[in-house]
Amino acid sequence: MATVAELLLHSKNLQSVSDSAMLDVELLLCFCLEKRRSFLRAWPEAEVSTEHERHFLTLLERRIVGEPIAYITGERGFWSLDLQVNASTLIPRPETELLVEKTLELMSDAASADILDLGTGSGAIALALASEKSGWCIVASDVQPNAVALAESNKAKYSLNNVTVLESNWFDAIGNQCFDVIVSNPPYIDPQDNHLEEGDVSFEPRSALVAENHGLADLEHIADCAGAYLKDRGWLLLEHGYNQADAVQALLLRAGFTKIFTAVDLSGWGRLTGGQFIAGVDNDE
Ligand code: GLN
């Protein structure tokens, strides 16, 4: 039987596909053994059963052809949650936690609030907010039935009953409810962007990544429609690409938002742009 240390040597087979080869093999082995990474460190000489080894090698093959770790293990940590993920949605990204942080910051005094998460995917943003604020009512929508099912399943995993998941093409099925905050991480990558063919992104659904008009089409649609679904002084917060802050600021300005700001992610890129909606002010006047 192979030991833990011997199996971790397979990281060398991943070096050409992954810049986190050792972490990847550790995560795959932990997944097969149902152990934490500390176990691998503490017990490098532990013997791994043939069955576990075979399972590990099958998963390693999938990683060698580029499949993201999150799709192989079916899970990804986001905020304080371990979310189920699958190939029907985007893998939640650390930078998207910025939307959660900003929403909590803007609404820090609110014991109750109505929040809408458009294009929720796995449910990441909505469920993170719901886990922090049990008094908030959160609507999470997605146009893809598979995403709706996944978000429902993640909601059930954490019993976050203050979230309602529904199938909707952006605002189409939202009805006449108005919200204190609308958040969204819509598709915003330019269809011509070369990085769509590289790494994990190439396994993710195009519909969750790509938007026309240099990636701005969905951001623009949301900015234009959001006012009709916001309460007076409600906020719209949008994630966008590292080079889209100026364009998104212009979209919010044109749509009549005030107090427009951009927040930077941990890499220093403007990643989120937001603005406040004042009801009754018509920007066209
Ligand atoms: N941030 C993601 C990326 O650059 C894209 C997410 C999105 O389009 N909403 O890979």
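Counting convention: from 1, in listed order, for ligands and their atoms alike.
Interface atoms of ligand 1 facing Leu90, defined by a heavy-atom separation under 4.0 Å, are 6 (C). Atoms of ligand 1 found under 4.0 Å from any heavy atom of Glu95, numbered from 1 in the order shown, are 1 (N). Listed by atom number, the atoms of ligand 1 under 4.0 Å from Asn185 heavy atoms are 7 (C), 9 (N).
For ligand 1, the polar-atom distance check finds an N/O of Pro186 within less than 3.5 Å of one of the ligand's N/O atoms.
Not a single heavy atom of Ala211 sits closer than 4.0 Å to an atom of ligand 1. Residue contact annotation: His195 has a non-hydrogen atom under 4.0 Å from ligand 1.
If you check which protein heavy atom lies closest to atom 1 (N) of ligand 1, you get Tyr188 OH, 2.8 Å. Nearest non-hydrogen protein atom to atom 3 (C) of ligand 1 is Arg93 NH2, 3.6 Å.
In this structure, His52 and Cys32 approach most closely via the heavy-atom pair CD2-O, 3.3 Å. The two residues Ala110 and Trp136 come nearest to each other via the heavy atoms O-NE1, 2.8 Å.
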Exercise. Under the side-chain hydrogen bond (donor to acceptor under 3.5 Å, both in side chains) criterion, do Gln144 and Thr89 qualify, and how do the steps go?
Worked result: CA-CA 9 Å; Gln144 301 290 344; Thr89 67; over 6 Å; no
For this session: Show the numbers, then the answer: is there a side chain to side chain contact (heavy atoms under 4.5 Å, CB included) between Tyr229 and Gln177?
Result: CA-CA 7 Å; Tyr229 298 88; Gln177 192 181 354; over 6 Å; no
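Screening Gln244, His240, His221 for a side chain to side chain contact (heavy atoms under 4.5 Å, CB included) with Leu216, the sole residue that qualifies is Gln244.
Using cut-offs of 30° and 60° on the angle between ring planes, the pair Trp235 and Phe261 is perpendicular.
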